[in-house]
A.B. asks: 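Please find one structure pasted underneath; my questions will follow.
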Amino acid sequence: MSNEIDNLKWLGGAVVRGRTIGDVWQFEINEVTSQARVYKQALHEFFRTQMPLRPKWGEFEVDVQIHLNPNFPQIDVDNVAKAVLDGIKSHVFVDDSQIMRLLVEKLPSESEKLFIEVRKR
């Protein structure tokens, strides 16, 4: 990422923050859990209070990075992906059937967080 993109302002607070860069939406969730409802609730509250969006039609690509400390209990990437998609559905895009590419990966990190990037094709 260029320094110009790195310097763009984030909206949100301690748990969820997000920003829009043209047809790219980026989100960080500073909590990792195996409880899917936590992501859905946090994202819905973020969109309601910090970044109200009108969902768009078309094709999308979604990347989800799960940053985990090696000592963190193992979690299933498919459960995280479903919860994230449910949380951003009806805000960024209308339905998750619009997702043409989905990449979910776990990355080693000192602290736990999710990084989500949604791109319109």
Side-chain angles (χ1 to χ4, degrees):
M1 242 185 241
S2 72
N3 285 338
E4 182 179 319
I5 291 175
D6 289 340
N7 292 329
L8 288 175
K9 185 176 181 191
W10 289 88
L11 300 173
V15 177
V16 178
R17 63 188 197 142
R19 63 185 176 184
T20 303
I21 307 160
D23 281 342
V24 176
W25 297 265
Q26 295 178 333
F27 308 99
E28 280 188 1
I29 302 175
N30 291 317
E31 183 174 3
V32 175
T33 178
S34 60
Q35 298 179 7
R37 66 177 169 72
V38 171
Y39 300 127
K40 289 193 281 189
Q41 290 172 349
L43 284 163
H44 284 300
E45 182 65 14
F46 168 75
F47 286 118
R48 188 182 70 77
T49 61
Q50 301 293 322
M51 187 185 250
L53 297 173
R54 293 192 58 148
K56 299 192 181 310
W57 290 100
E59 297 178 346
F60 290 85
E61 298 179 1
V62 179
D63 292 342
V64 179
Q65 295 177 349
I66 306 166
H67 295 260
L68 289 175
N69 183 299
N71 299 321
F72 194 83
Q74 292 300 310
I75 60 172
D76 295 337
V77 296
D78 58 327
N79 294 338
V80 172
K82 181 66 176 155
V84 165
L85 293 178
D86 285 348
I88 60 179
K89 176 177 66 177
S90 300
H91 299 287
V92 177
F93 46 82
V94 177
D95 187 76
D96 38 350
S97 66
Q98 295 172 253
I99 306 291
M100 304 307 287
R101 179 183 165 275
L102 174 63
L103 174 66
V104 185
E105 61 183 333
K106 291 184 199 176
L107 300 169
S109 178
E110 290 187 21
S111 59
E112 292 76 35
K113 73 176 180 179
L114 296 183
F115 180 78
I116 302 138
E117 185 170 278
V118 182
R119 290 177 303 285
K120 194 161 184 351
R121 276 186 156 187

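Excluded from the calculations below are hydrogen atoms, water molecules and symmetry mates; all remaining heavy atoms, backbone and side chain alike, are included.
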A.B. asks: Do you know which two heavy atoms are closest between N30 and K113, and how far apart they sit?
C.D. replies: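 That would be OD1-CB, 3.9 Å.
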A.B. asks: Of the non-hydrogen atoms in S109 and P70, which two are nearest, and what is the gap between them?
C.D. replies: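 Answer, listing the atom of S109 first, then P70: O-CD, 3.8 Å.
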A.B. asks: According to a 4.5 Å side-chain heavy-atom criterion applied to Ile, Leu, Val, Met, Phe, Trp and Tyr, with indirect links allowed, do L114 and F72 form part of one hydrophobic cluster?
C.D. replies: yes
A.B. asks: Which residue pairs pass the salt bridge (Lys or Arg N to Asp or Glu O under 4.0 Å) test when at least one of the two sits in residues 43-53, sequence neighbours left out?
C.D. replies: E45-R48
A.B. asks: With rounding to the nearest 0.5 Å, note down the distance linking CD in E28 to CZ in R19.
C.D. replies: 8.0 Å
A.B. asks: Can you check side-chain contact (heavy atoms from CB on, under 4.5 Å) on V92 and L53, steps first, answer last?
C.D. replies: CA-CA 6 Å; V92 177; L53 297 173; 4.0 Å; yes
A.B. asks: Can you name the closest pair of heavy atoms from W10 and Q26 and give their distance?
C.D. replies: CZ3-O, 3.7 Å
A.B. asks: Compare every heavy atom of V32 with every heavy atom of H67, then report the nearest pair and how far apart it is.
C.D. replies: O-CG2, 4.0 Å
A.B. asks: Show, in sequence, the C-alpha distance, side-chain angles and deciding distance for E117 and Q65, and conclude whether the side-chain contact (heavy atoms from CB on, under 4.5 Å) test is met.
C.D. replies: CA-CA 9 Å; E117 185 170 278; Q65 295 177 349; over 6 Å; no
A.B. asks: Identify the residue among V118, V77, V84 that makes a side-chain contact (heavy atoms from CB on, under 4.5 Å) with V64.
C.D. replies: V84
A.B. asks: When rounded to the nearest 0.5 angstrom, what distance separates CZ in R17 from CZ in F46?
C.D. replies: 10.0 Å
A.B. asks: Is it the case that K106 and Q74 place a side-chain donor and acceptor less than 3.5 Å from each other?
C.D. replies: yes
A.B. asks: Aromatic contact between F27 and F47, with the criterion being ring centroids under 6.0 Å apart: yes or no?
C.D. replies: yes
A.B. asks: Hey, any chance L102 and I116 share a hydrophobic cluster, counting ILVMFWY side chains that come within less than 4.5 Å of each other, even indirectly?
C.D. replies: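 Hydrophobic grouping puts L102 with I116.
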A.B. asks: Do side-chain atoms of N69 reach the backbone of S111 as a donor and acceptor pair under 3.5 angstrom?
C.D. replies: no
A.B. asks: Looking at CG of L43 and NZ of K89, how far apart are the two atoms once the value is rounded to the nearest 0.5 Å?
C.D. replies: 12.5 Å
A.B. asks: Any salt bridge (Lys or Arg N to Asp or Glu O under 4.0 Å) pairs touching residues 90-99, not counting sequence neighbours?
C.D. replies: K82-D96
A.B. asks: Mind checking the CD1-CH2 spacing from I88 to W25? Nearest 0.5 Å is all I need.
C.D. replies: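 Spacing of CD1 (I88) from CH2 (W25) equals 10.0 Å.
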A.B. asks: Check whether NZ of the Lys or CZ of the Arg K120 lies under 6.0 Å from the centre of the six-membered ring of F60 and within 45 degrees of that ring's axis.
C.D. replies: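 Positive - K120 is close enough to the ring of F60 and near enough to its axis.
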A.B. asks: Distance check, rounded to the nearest 0.5 Å: I66 atom CD1 versus I75 atom CD1?
C.D. replies: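 CD1 of I75 is found 4.5 Å from CD1 of I66.
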A.B. asks: For Q50 and L11, which heavy atoms make the closest approach, and how far apart are they?
C.D. replies: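 Smallest interatomic distance, heavy atoms only, reads O-CD1, 3.8 Å.
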A.B. asks: Under the side chain to side chain contact (heavy atoms under 4.5 Å, CB included) test, which residues partner L103, sequence neighbours left out?
C.D. replies: D63, R101, E105
